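Heads up: numbering here begins at 1 and tracks the sequence. All values below come from the heavy atoms of this structure, side chains included, with hydrogens, waters and symmetry mates left out. Here the structure is a predicted model, which is why all the values come from computation and not from measurement.
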Amino acid sequence: MDAVDAAQRLRLDVPGDVAVIGVGNARQTELVSPSVSSVGPRHLFRSLAELLLRRADGDDGPDELHELVWELFARESTTGTTHPGKASP
């Protein structure tokens, strides 16, 4: 993640000197070190892919409202502990 890389290049400790949090809960947030806390819907990208595939297959039904619940995924970049894929209370 760019923000973590930038902090580390400046010799800042994440999360000791600076906390980093992302938006969208992309898969990459769990794969970097330290893992990056994020806010976003749990299945945003899967939901978007399903919608796009249906439209690509010719489903031109009425517009739909998709409500996605946003959650906080606390990881190492803000808490110093790892809770991969687990939403914070």
query: If every non-hydrogen atom of V36 is compared with every non-hydrogen atom of R75, which pair is closest and at what distance?
result: O-NH1, 3.1 Å
Step-by-step side chain to side chain donor-acceptor pair (under 3.5 Å) determination, S35 to E30: CA-CA 5 Å; S35 57; E30 297 179 66; over 6 Å; no
query: How long is the span from the CG atom in L48 to the CG atom in L53, to the nearest 0.5 Å?
result: 11.0 Å
task: Give the cluster check for V69 versus V39: same hydrophobic cluster or not, with ILVMFWY residues linked at side-chain heavy-atom distances below 4.5 Å.
output: no
- prompt: Do the non-hydrogen side-chain atoms of E67 and L65 ever get within less than 4.5 Å of each other?
  reply: yes
- line: Rounded to the nearest 0.5 angstrom, the CG-CG distance for L10 and D5 is 11.0 Å
query: Can you tell me how far the OG atom of S37 sits from the CD atom of E76, to the nearest 0.5 Å?
result: 9.0 Å
statement: CG (D17) and CZ (R11) are apart, to the nearest 0.5 Å, by 13.0 Å
task: For the residue pair L31 and R27, establish whether any side-chain heavy-atom pair is separated by less than 4.5 Å.
output: yes
- prompt: Looking only at heavy atoms, what is the nearest atom pair of P15 and S77, with distance?
  reply: CB-O, 3.1 Å
message: Checking the side chain of S38 only, and the main-chain atoms of N25 only, is there a donor and an acceptor separated by less than 3.5 Å?
response: yes
task: Answer yes if V4 and L12 sit in the same cluster of Ile, Leu, Val, Met, Phe, Trp and Tyr residues linked by side chain heavy atoms under 4.5 Å apart, and no otherwise.
output: yes
- request: Find the distance between CG (D13) and CD (Q8) and round it off to the nearest 0.5 Å.
  value: 8.5 Å
- request: Of all the heavy-atom pairs spanning L44 and G24, show the shortest one and how long it is.
  value: CD2-O, 4.3 Å
- request: Write down the atom of F45, the atom of A26, and the distance for their closest heavy-atom approach.
  value: CE1-CA, 3.7 Å
- prompt: Looking at G40 and F73, what are the two nearest heavy atoms and their distance?
  reply: O-CE1, 3.4 Å
query: Cluster question for you: counting only ILVMFWY and a side-chain heavy-atom cut-off of under 4.5 Å, with indirect links fine, are V23 and L72 together?
result: yes
